[in-house]
Asker: 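Starting off with a structure, shown below.
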Amino acid sequence: MLSRKGIIPEEYVLTRLAEDPAEPRYHARERRARFVSKNGNCNVAHKNIREQGRFLQDVFTTLVDLKWPHTLLIFTMSFLCSWLLFAMAWWLIAFAHGDLAPGEGGPVPCVTSIHSFSSAFLFSIEVQVTIGFGGRMVTEECPLAILVLIVQNIVGLMINAIMLGCIFMKTAQAHRRAETLIFSKHAVIAVRQGRLCFMLRVGDLRKSMIISATIHMQVVRKTTSPEGEVVPLHQVDIPMENGVGGNSIFLVAPLIIYHVIDANSPLYDLAPSDLHHHQDLEIVVILEGVVETTGITTQARTSYLADEILWGQRFVPIVAEEDGRYSVDYSKFGNTIKVPTPLCTARQLDEDRSLLDALPLASARGPLRKRSMAVAKAKPKFSISPDALS
């Protein structure tokens, strides 16, 4: 049950069932740290940043990047602080003009009905949010009060623009649209058109399209230069192919994106025995495009480690024509089937093409034909005898 939900790896559960329960042994599975997680987050921790002031030079982006609790706290405190600040200004104006002293027949007050700090705070809220209950108002007696009224209105408009813009940008961030762009959990390597190909499946769950969608792929691994320099995250771009050619894709239905493993590919010497969790290999896939409804550029990312690449398998078809239109069965989005594939590297296959000729030919229509024949046999046949007609 836990392995089915993805909480515990299936291979760990099978291993534990095969062991003797009387001798519990717990071995931590060593695995290469991901550079990009499956959901697209970059697994990089930034430490010892000395120039923290650079973040304050771009305050708006800093506010948008904050978490929601921090953003809401700053949103609330910005209004409260501005109300309290100008409430103090109004109270000082009333105190300096003598409006706080009780009595009748005195001079015209700068602001009517201000007798304490509480009434000054209420007047500050009325001015900034333009409520206007009618009980308090500024008179022409004090030019300073008129100046403070103008300043508070300008400051209130600036706070509204910045904070509302920040809230809007957080709700309309591009990565929200990427939540409905999905990749297959595993990638596969199989023969396509006589060449070994690295393949993965990508799809879009929404009806609104991604305009000018492009897909890129990089191999990230630790390398050492001839001079002895160690590059912990060496990134190598490799070309991706699709049905229309190039990196641009028309993502209306799920597509199988593939990379031909040739002499220019960093996977040229990859063998089936290298596809284990100890192998220093990570393939990062980046899908980028413009959201049709909002016009915002979005990007979806994922990665495949060596043990997440299945050798000798391919994806099952999930697009079918029904009732005059095409339907997609997303329940089979990541399903694969085994196909005859040489257990050698692409280099060895290019050097000895007889390895490919020795493979049994697999027909994609074989299972479908068998199924249709079985269904045909299962159908009852009815006939009308001549006796029944008479």
Side-chain angles (χ1 to χ4, degrees), residues 41 44-177 294-298:
N41 295 328
V44 179
H46 300 276
K47 297 182 179 180
N48 300 326
I49 300 178
R50 300 180 182 275
E51 299 181 3
Q52 298 286 345
R54 291 181 177 269
F55 295 99
L56 298 179
Q57 296 178 3
D58 189 6
V59 180
F60 186 79
T61 304
T62 303
L63 292 176
V64 174
D65 290 340
L66 291 176
K67 296 182 179 180
W68 271 108
H70 299 160
T71 301
L72 295 178
L73 178 62
I74 294 176
F75 179 85
T76 305
M77 293 304 299
S78 61
F79 284 102
L80 286 178
C81 291
S82 63
W83 294 340
L84 289 172
L85 177 63
F86 283 100
M88 180 62 67
W90 291 118
W91 184 83
L92 291 176
I93 291 175
F95 178 78
H97 195 259
D99 300 337
L100 301 179
E104 297 181 0
V108 178
C110 296
V111 181
T112 59
S113 302
I114 289 186
H115 307 292
S116 61
F117 182 80
S118 299
S119 57
F121 180 73
L122 292 175
F123 179 71
S124 177
I125 297 176
E126 294 177 16
V127 170
Q128 189 159 330
V129 300
T130 62
I131 295 178
F133 292 115
R136 302 175 182 87
M137 63 179 182
V138 180
T139 63
E140 59 184 10
E141 181 69 19
C142 302
L144 181 60
I146 300 175
L147 179 62
V148 173
L149 177 66
I150 296 174
V151 172
Q152 185 172 5
N153 278 279
I154 295 175
V155 172
L157 290 175
M158 292 178 62
I159 294 177
N160 288 336
I162 294 174
M163 299 310 302
L164 294 180
C166 177
I167 297 297
F168 172 76
M169 290 302 297
K170 285 187 69 65
T171 55
Q173 281 183 337
H175 66 84
R176 303 296 181 186
R177 179 61 176 88
T294 61
I296 301 176
T297 302
T298 186

Asker: Without swapping roles, check the side chain of Ser113 against the backbone of Gly135 for a donor-acceptor pair under 3.5 Å.
Answerer: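 It does hold such a pair.
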Asker: Could you report the tightest heavy-atom contact between Cys110 and Asp99, atom names first, then the distance?
Answerer: N-OD2, 2.9 Å
Asker: In Å and rounded to the nearest 0.5 Å, what is the CZ to CG distance from Phe86 to Leu149?
Answerer: 10.0 Å
Asker: Nearest 0.5 angstrom please: Ile146 CD1 to Glu140 CD, how far?
Answerer: 7.5 Å
Asker: Hey, are the side chains of Val127 and Phe123 touching, using non-hydrogen atoms and a 4.5 Å cut-off?
Answerer: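 The answer is yes, as the side chains (C-beta and beyond) meet within the 4.5 Å cut-off.
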Asker: Please name the pair of heavy atoms, one in Ala87 and one in Ala120, separated by the smallest distance, quoted to 0.1 Å.
Answerer: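 Nearest heavy atoms, Ala87 then Ala120: O-CB, 3.6 Å.
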Asker: Do Phe117 and Leu100 make a side-chain contact, defined as non-hydrogen atoms from C-beta onward lying under 4.5 Å apart?
Answerer: no
Asker: Does atom CZ (Phe95) have a neighbourhood of more than 12 heavy atoms from anything else shown, all under 6.0 Å?
Answerer: no
Asker: Assess whether side-chain contact (heavy atoms from CB on, under 4.5 Å) is satisfied between Trp90 and Val138, documenting all intermediate values.
Answerer: CA-CA 10 Å; Trp90 291 118; Val138 180; 4.1 Å; yes
Asker: Enter the distance from Met169:CE to Asp65:CG here, rounded to the nearest 0.5 Å.
Answerer: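 That separation rounds to 10.0 Å.
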Asker: Measure the spacing between OG1 of Thr61 and CG of Leu66 and express it to the nearest 0.5 Å.
Answerer: 11.0 Å
Asker: Just wondering, do Phe75 and Leu80 contact through their side chains at under 4.5 Å, heavy atoms?
Answerer: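 Side-chain contact under 4.5 Å: no.
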Asker: Please find the pair of heavy atoms, one from Met163 and one from Ser78, that lie closest to each other, and give the distance.
Answerer: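 The answer is CG-OG, 3.9 Å.
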Asker: Search all heavy atoms of Lys170 against all heavy atoms of Val64 and return the closest pair with its distance.
Answerer: NZ-O, 3.0 Å
Asker: Within a strict 4.5 Å, meaning less than it, do heavy atoms of the Met137 and Val111 side chains meet?
Answerer: no
Asker: To the nearest 0.5 Å, what is the distance between CZ on Phe121 and CE on Met88?
Answerer: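 Here the interatomic distance stands at 11.5 Å.
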Asker: Using modelled atom types only, decide if a donor and an acceptor are shared between the side chain of Ser124 and the backbone of Trp83 within a distance under 3.5 Å.
Answerer: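 Checked: pair present.
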Asker: Tell me, do Val148 and Ile93 make a side-chain contact under 4.5 Å, heavy atoms counted?
Answerer: yes
Asker: Looking only at heavy atoms, what is the nearest atom pair of Gln128 and Ser82, with distance?
Answerer: NE2-OG, 3.0 Å
Asker: Set out, in order, the CA-CA distance, both residues' side-chain angles and the distance that settles side-chain contact (heavy atoms from CB on, under 4.5 Å) for Arg136 and Leu122, then state yes or no.
Answerer: CA-CA 9 Å; Arg136 302 175 182 87; Leu122 292 175; 3.9 Å; yes
Asker: Taking all non-hydrogen atoms of both residues, which atom of Ile114 and which atom of Ala94 are closest, and how far apart?
Answerer: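 Looks like CG2-CB, 4.0 Å.
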